[in-house]
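Here is how names work: the chains are called A, B, and so on, in the same order as the sequence lines, proteins then strands, and each is numbered from 1. We use all heavy atoms of the structure for the numbers below, so side chains are in, but hydrogens, waters and symmetry mates are not.
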Number of protein chains: 2
Amino acid sequence: MRLTTKGRFAVTAMIDVAMYGGNGPVTLAAVSARQRISLSYLEQLFGKLRRSGLVDSVRGPGGGYNLAKASDQISVADVILAVDEPIDATQCGGRENCHDDHRCMTHDLWTSLNDHIFAFLSGVTLAQLVRQQPQRGETTVLQDHRRAPAGAPKEPAPEAV
Amino acid sequence: MRLTTKGRFAVTAMIDVAMYGGNGPVTLAAVSARQRISLSYLEQLFGKLRRSGLVDSVRGPGGGYNLAKASDQISVADVILAVDEPIDATQCGGRENCHDDHRCMTHDLWTSLNDHIFAFLSGVTLAQLVRQQPQRGETTVLQDHRRAPAGAPKEPAPEAV
DNA sequence: CCATTAGTTGACTAAATCGTTCGGGTATAC
DNA sequence: GTATACCCGAACGATTTAGTCAACTAATGG
């Protein structure tokens with residue numbers, strides 16, 4: 001399980017679709033405007049989300065994206081797995097990587113870690129996240145994931161662990 | 001909390017120091033040879049680990065690195081935080097990023113996520129990891145984190161989540 | 001039918017990060 | 001004073017990130 005900003009973008013966009021998808025498909029242009037994510041980047045992400053079966057696309061005017069499943073059936077882990085490719089192919093028991101025939105020392109650690117994080121993220125659904133949102137009427141901005149400019153004052157954000 | 005292979009390298013190396021540091025400092029050259037990590041990369045990582053107070057260095061012949069604290073006082077989270085810079089400076093309550101005065105939608109999600117992962121990694125100490133290792137005599141290879149070659153058969157590793 | 005809307009695809013880019021290599025320093029033990 | 005080992009920084013190729021551009025296809029509305 002890799003954790004980058006890419007997954008955050010995808011989750012943010014999916015929440016947006018979940019929130020605004022009540023009446024008809026949500027267009028990526030609308031998501032882009034609301035969440036300040038580049039349209040083309042969203043296209044890339046939703047291409048993966050669609051191929052992973054998390055969203056359905058409707059082409060033509062009035063088209064856009066719908067969640068393929070109910071929002072309580074889509075977990076954060078699903079979204080992140082769809083867009084973030086797996087971190088590592090080095091399976092220790094395997095062939096080329098671990099030389100000699102020694103067993104990988106950190107194998108158990110990372111297996112356990114991955115399992116734990118995955119379990120946690122699998123337990124968080126889009127529905128839960130939507131429910132947490134303050135239901136303001138119009139364009140609720142989620143979060144700007146863009147990196148702060150280099151010269152910005154660097155007070156440590158408590159959540160930026 | 002960012003999760004990349006960089007942190008894995010650092011943890012692997014720290015486990016090596018914990019295991020072989022019984023009698024005197026451990027040289028990075030030895031770690032490099034045992035764990036197949038580039039010496040210069042180790043130097044970079046241990047520079048950060050030293051500045052974070054996780055290891056002490058001894059210069060000159062017979063020198064090397066010692067753990068600055070007992071191995072049960074150093075957590076995986078400590079190591080990863082030392083070498084992996086924080087993923088994101090976008091603190092939602094903040095200035096430039098979230099426009100208007102809306103609160104960040106995913107703020108709670110990522111705070112909770114970070115806390116959870118951080119708590120998990122904080123609970124895993126080097127001592128626990130060392131204890132898990134099969135105590136073979138000589139050079140126990142931990143794990144080769146290098147990416148598998150492009151053409152390799154892509155059977156999905158169960159732990160590569 | 002046909003123009004418009006909107007998804008789909010692919011190539012291409014700048015920047016950042018990753019892992020590594022190189023070349024020089026500086027402190028210390030022998 | 002020389003070998004050892006930490007220390008520092010520059011540079012590099014490969015990969016990932018985030019974003020742009022352009023061409024294409026499908027479906028709707030008039």
Side-chain angles (χ1 to χ4, degrees), chain A residues 2-10 12-13 17 24-33 35-51 55-66 68 80 83-90 97 143-150, chain B residues 2-10 12-13 17 24-33 35-51 55-66 68 80 83-90 97 143-150:
Chain A
R2 176 130 119 227
L3 284 183
T4 69
T5 52
K6 195 174 187 177
R8 281 163 159 80
F9 275 106
T12 301
V17 172
V26 178
T27 172
L28 290 191
V31 177
S32 172
Q35 308 307 336
R36 303 264 188 266
I37 303 174
S38 135
L39 175 59
S40 298
Y41 198 32
L42 282 175
E43 285 173 348
Q44 291 178 36
L45 296 179
F46 273 77
K48 293 185 174 186
L49 292 171
R50 187 178 54 84
R51 283 187 288 274
V55 295
D56 289 327
S57 63
V58 180
R59 304 179 71 152
Y65 286 94
N66 292 306
I80 291 181
V83 300
D84 251 337
E85 25 249 69
I87 186 171
D88 208 350
T90 55
N97 289 331
Q143 179 170 1
D144 189 332
H145 303 285
R146 283 168 295 193
R147 190 164 281 101
Chain B
R2 176 130 118 226
L3 284 184
T4 70
T5 52
K6 194 175 188 177
R8 281 164 159 81
F9 274 105
T12 301
V17 173
V26 178
T27 171
L28 290 190
V31 178
S32 172
Q35 309 306 336
R36 303 263 189 268
I37 304 174
S38 134
L39 175 58
S40 296
Y41 198 33
L42 282 175
E43 285 175 345
Q44 293 175 35
L45 296 179
F46 274 77
K48 293 186 175 186
L49 293 171
R50 185 178 52 86
R51 284 186 286 274
V55 294
D56 290 326
S57 64
V58 181
R59 301 180 72 153
Y65 286 94
N66 293 305
I80 292 182
V83 300
D84 252 339
E85 25 249 69
I87 185 172
D88 207 351
T90 56
N97 289 332
Q143 179 170 1
D144 188 334
H145 303 287
R146 282 167 296 193
R147 190 165 280 100

TODO: Can you measure from CG (A/L45) to CZ (A/R50) and round to the nearest 0.5 angstrom?
DONE: 13.0 Å

Heavy atoms under 4.0 Å, any strand shown: does [X] hit a base, just sugar-phosphate, or nothing?
X     : result
B/L39 : nothing
B/F46 : nothing
B/V26 : sugar-phosphate

- [ ] Take the angle between the ring planes of B/Y41 and B/F9 and call it parallel below 30°, perpendicular above 60°, tilted in between.
- [x]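 Plane angle over 60°, so perpendicular.
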
Task: Results of salt bridge (Lys or Arg N to Asp or Glu O under 4.0 Å) for A/K48 - residues two or more places apart only - done: A/E85

- [ ] Answer yes or no: does a side-chain N or O of B/T27 lie under 4.0 Å from OP1 or OP2 of D/dT4?
- [x] no

Open item on the list: Can you build the contact string for nucleotides 22-30 of chain D? Use B for base contact, S for sugar-phosphate-only contact, and - for no protein heavy atom under 4.0 Å.
Closed with: ---BSBB--

Please state how far atom [atom1] in [X] lies from atom [atom2] in [N], giving the value in whole angstrom units.
X     : N      : atom1 : atom2 : result
A/L49 : C/dT9  : CG    : P     : 13 Å
A/L42 : D/dT17 : CG    : C1'   : 14 Å
B/K6  : C/dT20 : NZ    : P     : 12 Å
A/Y41 : C/dT13 : OH    : C1'   : 14 Å
B/R51 : D/dC8  : CZ    : C1'   : 9 Å
B/I37 : C/dC18 : CD1   : C1'   : 13 Å
B/F9  : C/dT17 : CZ    : C1'   : 14 Å
B/R2  : C/dT17 : CZ    : P     : 6 Å

Task: N/O donor-acceptor pair, side chain A/Q44 with base C/dT9, under 3.5 angstrom - done: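 In this structure, the two groups form no donor-acceptor pair.
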
Go through [options] for me and flag the one nearest to the [X] side chain.
X     : options                : result
B/T4  : C/dC18, D/dC7, D/dG19  : C/dC18
B/R50 : C/dG19, D/dT17, D/dC7  : D/dC7
B/D84 : D/dG19, D/dT17, C/dC18 : C/dC18

Looking at every heavy atom in both [X] and [Y], which two are closest together, and how far apart are they?
X     : Y     : result
B/L28 : B/L42 : O-CD1, 3.7 Å
B/G7  : B/I80 : CA-CG1, 4.2 Å
A/Y65 : A/V55 : CD2-CG2, 3.8 Å

Task: Upstream residue (5' side of DNA chain C) when B/V83 and A/G64 are each assigned their closest nucleotide - done: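 Taking each residue's closest nucleotide, the earlier one in sequence belongs to A/G64.
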
Task: Exam field: side chain B/S32 to backbone B/I37, donor-acceptor pair closer than 3.5 Å - done: yes

